[in-house]
Amino acid sequence: MQEQNDLIKSRLDALEQIKKLGVNPYPYRFDVTANSAEVLNSFKDPANENEAEAQKQKIVSLAGRIAAIRRMGKASFCHIKDDAGKIQVYIRQNDVGEQMYKLFKLLDIGDIIGVNGFVFRTKMGEISIHVTSFELLTKSIHPLPVVKEEVTETGEKIVHDAFADVELRYRQRYVDLIVNEPVKDTFIKRTKIIQLIRATLEKNGFFEVETPTLQTVYGGANARPFVTHHHTLDIPLYLRVSNELFLKRLIVGGFNRVYEFVKDFRNEGIDRTHNPEFTQVEWYQAYGDYNDSMNLFEEVVEQACISVHGKTKIDYQGTELDFKRPWKRLKMVDAISERNGIDVLNMKKADIVKFMKERKIEFDSAISHSKGLLIAALFEETCEESLIQPAFIIEHPLDTTPLCKPLREYSMHQLEEMKNDPEQVIFAERFEPYIYKWELGNSYSELNDPILQRKLLEEQAERGRAGEGDTHPLDEDFIKSIEVGMPPTTGVGLGVDRLVMLLTNSHSIRDVIFFPLMKPL
RNA sequence: GGGCCCGUAGCUCAGUGGUAGAGCAUCUGCCUUUUAAGCAGAGGGUCGGAGGUUCGAGACCUCCCGGGCUCACCA
């Protein structure tokens with residue numbers, strides 16, 4: 001049962017009195033003819049006497065939640081909030097009648113009302129609605145935080161007693177959205193960004209598809225899955241960690257350009273850039289390579305930025321970021337060279353290990369068998385922090401992924417030789433876009449050699465997750481689809497939440513997910 | 001999971017071992033162009049929870065719960 005403090009009691013008491021007045025506190029509908037923004041914009045010149053007279057003849061109907069009440073005996077001002085903003089309304093007993101004014105006195109902050117009236121300007125100059133009649137549309141019985149807003153003479157807004165407890169804001173997002181205006185704006189931008197990505201992909205001929213969330217075998221990313229169980233079939237099921245392997249099956253099936261926005265689920269740590277469920281968009285393009293993906297990635301992100309900011313330069317947490325195309329493209333080994341002054345290609349595996357140990361660069365000893373993985377670890381530890389402006393890191397060691405093609409410049413013969421030499425590193429046609437130190441995505445010239453694909457996935461399955469003990473399962477059906485034949489293909493994954501964080505200047509991923517995971521109380 | 005910090009009224013916050021406070025909100029009264037409306041009065045607390053130290057704990061100690069930052073894992 002709900003807490004029975006005096007605030008709730010007085011609201012429940014008001015609810016009873018409203019019912020006694022013969023008023024249904026939860027009626028069915030209300031005809032809305034305008035929103036607050038339209039009303040405010042409709043009054044062109046408040047100082048113009050003729051316009052003021054004309055406005056009096058026009059009745060508008062507007063509905064919203066009471067955000068503030070200032071009562072002065074037999075007349076009152078309220079601010080009501082609707083989908084478009086906030087507007088002041090003026091209610092007088094003379095206009096609405098004694099009975100309705102009695103009802104008005106029983107209203108609280110948080111109640112939803114519909115008002116009819118004409119637009120006017122108060123002595124203090126605020127465009128408001130002079131109410132001629134109103135209806136209670138929903139009685140609220142739970143008190144809202146009372147946030148007060150002061151507008152200084154210079155037009156600056158000062159918010160007093162803002163609802164700031166982050167835990168309560170995330171747990172009760174509906175309250176957060178009601179009382180903290182910038183929150184709603186962030187989520188509107190989130191939707192705009194997603195719409196823009198979709199529009200850009202559609203413009204480029206991509207086709208939106210849906211693939212399974214519940215999977216009998218998980219794959220496509222190196223991550224711990226959430227496990228669930230199907231009762232009737234009595235089998236374990238996994239929540240997807242990626243949709244990559246299914247989208248490739250669709251390329252095999254003859255869809256040349258597909259994309260999907262998905263929730264991926266990864267059973268890993270939670271911090272300000274990680275939520276257990278997060279949104280990715282992945283797209284796959286037959287007959288293209290990772291250069292095509294890079295170009296489209298830039299376009300998608302630049303256009304998303306312009307769609308919410310109207311420009312490519314933005315501020316993120318005090319740092320200026322410029323999303324203007326083209327972005328810098330930097331080979332991983334060159335990035336390492338720039339930061340560390342070493343040429344890893346001309347170093348023995350043992351020298352790289354020595355270098356990392358000397359610099360106290362930590363790495364999992366399980367990777368020391370692979371020069372490629374050592375290079376990737378060295379990159380992550382020494383270069384990521386310097387990647388502030390949008391940039392593509394390209395040409396990762398092939399060992400970092402089982403799903404990517406080696407560079408096209410290697411001859412078949414060269415590849416065979418290099419594979420057998422632990423001092424050689426094969427590089428892959430892969431890129432990762434970095435912005436503000438974060439990986440924002442991942443892309444390959446997709447591996448479509450079924451023999452090599454099987455070999456690499458089998459190796460990964462054998463290795464399992466280093467230190468975790470659980471093995472990475474082999475998706476036989478996926479390999480079968482590659483055996484059927486996948487055309488040359490490139491694919492991209494883009495982390496939507498992080499892009500939204502950057503474009504909305506949000507400090508935490510929890511600020512861009514309506515209902516982030518919270519421990520139960 | 002480790003380290004550091006936080007949790008006091010519906011909300012925002014004071015309170016450095018000695019009678020639990022303020023502003024807003026709420027309730028009562030007054031107030032027909034106010035705007036962080038105003039004036040007069042009133043009520044509201046298991047100080048996150050459980051133990052402990054002490055004559056005495058909101059404060060000190062231990063454990064637990066929730067959150068923030070950070071490291072690890074990861075995107």
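Labels below follow one simple rule: chain letters A, B, ... track the order of the sequence lines, proteins then strands, and each chain is numbered from 1. Treat the numbers as computed from the prediction; the structure is a model and nothing was measured.
Side chain A:Glu126 to base B:U35: a donor-acceptor pair is found below 3.5 Å. In the interface, the side chain of A:Glu149 is not paired with the base of B:U35 through any donor and acceptor atom under 3.5 Å apart.
Residues A:Arg92 and A:His130 are in side-chain contact: their nearest non-hydrogen atoms beyond the backbone lie under 4.5 Å apart.
For the C1' atoms, the distance from B:G21 to B:G43 is 15 Å, rounded to whole Å. On the P atoms, B:A9 is 16 Å away from B:A50, given to the nearest whole Å. Comparing the C1' positions of B:G44 and B:A22 gives a spacing of 14 Å, expressed to the nearest Å. Taking the C1' atom of each, B:A59 and B:G17 are spaced 7 Å apart, rounded to whole Å. Separation of the P atoms belonging to B:U54 and B:A72 is 44 Å when rounded to the nearest angstrom. Rounded to whole Å, the P atom of B:G58 lies 14 Å from the corresponding atom of B:U16. Look at the P atom in both B:C13 and B:G52: the space between them is 33 Å, to the nearest Å. Nucleotides B:C60 and B:C47 have their P atoms positioned 16 Å apart, rounded to a whole Å.
A cation-pi arrangement is absent between A:Arg498 and A:Tyr436, since the terminal nitrogen or guanidinium carbon is not both under 6.0 Å from the aromatic centre and inside a 45° cone about the axis.
One atom, CZ of A:Arg169, and another, P of B:C6, lie 21 Å apart when rounded to the nearest Å. Between A:Glu385 atom CD and B:C71 atom P there is a gap of 11 Å when expressed in whole angstrom units. In this structure, the CZ atom of A:Arg224 is 17 Å from the P atom of B:A72, given to the nearest Å. The separation between A:Arg510 atom CZ and B:C69 atom P is 8 Å, rounded to whole Å. In this entry the distance linking CD of A:Glu380 with P of B:A72 reads 11 Å, nearest Å. For the pair A:His79 NE2 and B:U33 C1', the computed distance is 13 Å after rounding to whole Å. A:Ile8 places its CD1 atom 11 Å from the P atom of B:C11, with the value rounded to the nearest Å. Between A:Phe431 atom CZ and B:A75 atom C1' there is a gap of 15 Å when expressed in whole angstrom units.
A:Lys519 comes within 4.0 angstrom of the backbone, heavy atoms only, and of no base. Within 4.0 Å (heavy atoms only), A:Ile158 reaches no atom of the nucleic acid at all. Using a 4.0 Å heavy-atom distance criterion, A:Thr273 is classed as a base contact. Residue-level contact check: A:Asp165 touches the backbone only, with heavy atoms under 4.0 Å from sugar-phosphate atoms and none from bases. Heavy atoms of A:Ala68 sit nowhere under 4.0 angstrom from any nucleic acid atom. Among the protein residues, A:Gly495 comes within range of no part of the nucleic acid, since none of its heavy atoms lies under 4.0 Å from any strand. If you check every strand for non-hydrogen atoms under 4.0 Å, A:Gln88 touches a base.
The structure places CZ of A:Phe323 at 6.5 Å from CG of A:Leu499, a figure rounded to the nearest 0.5 Å.
Aromatic rings of A:Phe427 and A:Tyr290 (six-membered ring for Trp) have centroids beyond the 6.0 Å cut-off, not under it.
The side chain of A:His507 contributes no N or O atom lying less than 4.0 Å from OP1 or OP2 of B:G68. A:Arg70 has no side-chain polar atom (N or O) that falls below the 4.0 Å cut-off from OP1 or OP2 of B:C31. A:Arg92 has no side-chain polar atom (N or O) that falls below the 4.0 Å cut-off from OP1 or OP2 of B:U32.
Using a 4.0 Å cut-off between charged nitrogen and carboxylate oxygen, A:Asp6 and A:Lys9 do not count as a salt-bridge pair.
Closest to the side chain of A:Tyr170, from the set B:G68, B:C24, B:U33, is B:G68. The side chain of A:Met518 approaches B:G67 more closely than any other nucleotide in the set B:C69, B:G67, B:U12.
For B:C4, the paired nucleotide is B:G68, the pair qualifying as Watson-Crick or G-U wobble because both relevant distances are below 3.5 Å. The nucleotide B:A40 finds its pairing partner in B:U28, both defining distances of the Watson-Crick or G-U wobble pair being shorter than 3.5 Å. If you check B:A75 for Watson-Crick or wobble pairing at under 3.5 angstrom, you find it has no partner at all. A 3.5 Å limit on both hydrogen-bonding distances identifies B:G18 as the Watson-Crick or G-U partner of B:C55. Using the Watson-Crick or G-U wobble rule with both distances under 3.5 Å, B:U62 pairs with B:A50.
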Please step through side chain to side chain contact (heavy atoms under 4.5 Å, CB included) for the pair A:Glu244 and A:Glu446, ending with a clear verdict.
CA-CA 10 Å; A:Glu244 168 157 1; A:Glu446 305 292 341; 3.3 Å; yes
Determine, step by step, whether A:Trp327 and A:Phe431 satisfy the ring-ring contact (aromatic ring centres under 6.0 Å, His included) criterion, reporting the C-alpha distance in whole Å, the side-chain angles of both residues, the deciding distance to 0.1 Å, and the verdict.
CA-CA 12 Å; A:Trp327 299 354; A:Phe431 75 81; 9.2 Å; no
After noting the C-alpha distance and the side-chain angles of A:Thr228 and A:Leu239, does the key distance pass the side chain to side chain contact (heavy atoms under 4.5 Å, CB included) rule?
CA-CA 8 Å; A:Thr228 184; A:Leu239 276 67; 3.8 Å; yes
Let's go through A:Ile91 and A:Val96 carefully: what are the C-alpha distance in whole Å and the side-chain angles of both, what is the deciding distance for side chain to side chain contact (heavy atoms under 4.5 Å, CB included) to 0.1 Å, and is it a yes or a no?
CA-CA 7 Å; A:Ile91 299 182; A:Val96 299; 4.1 Å; yes
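In this structure, A:Trp438 does not pack face-to-face on the six-membered ring of B:A75, missing the 5.5 Å centre cutoff or the 30° plane limit.
Counting non-hydrogen atoms of neighbouring residues, nucleotides and ligands closer than 6.0 angstrom, the NZ atom of A:Lys86 exceeds 12 such neighbours.
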Might you list the N or O atoms of the protein lying below 3.5 Å from N or O atoms in nucleotides 25-27 of chain B, with each pair's distance?
{"residue": "B:A25", "atom": "OP1", "partner": "A:Lys148", "partner atom": "NZ", "Å": "3.1"}
{"residue": "B:U26", "atom": "O3'", "partner": "A:Ser10", "partner atom": "OG", "Å": "3.4"}

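If A:Ser128 and A:Asn275 are placed on RNA chain B by their nearest nucleotide, the residue sitting closer to the 5' end is A:Ser128.
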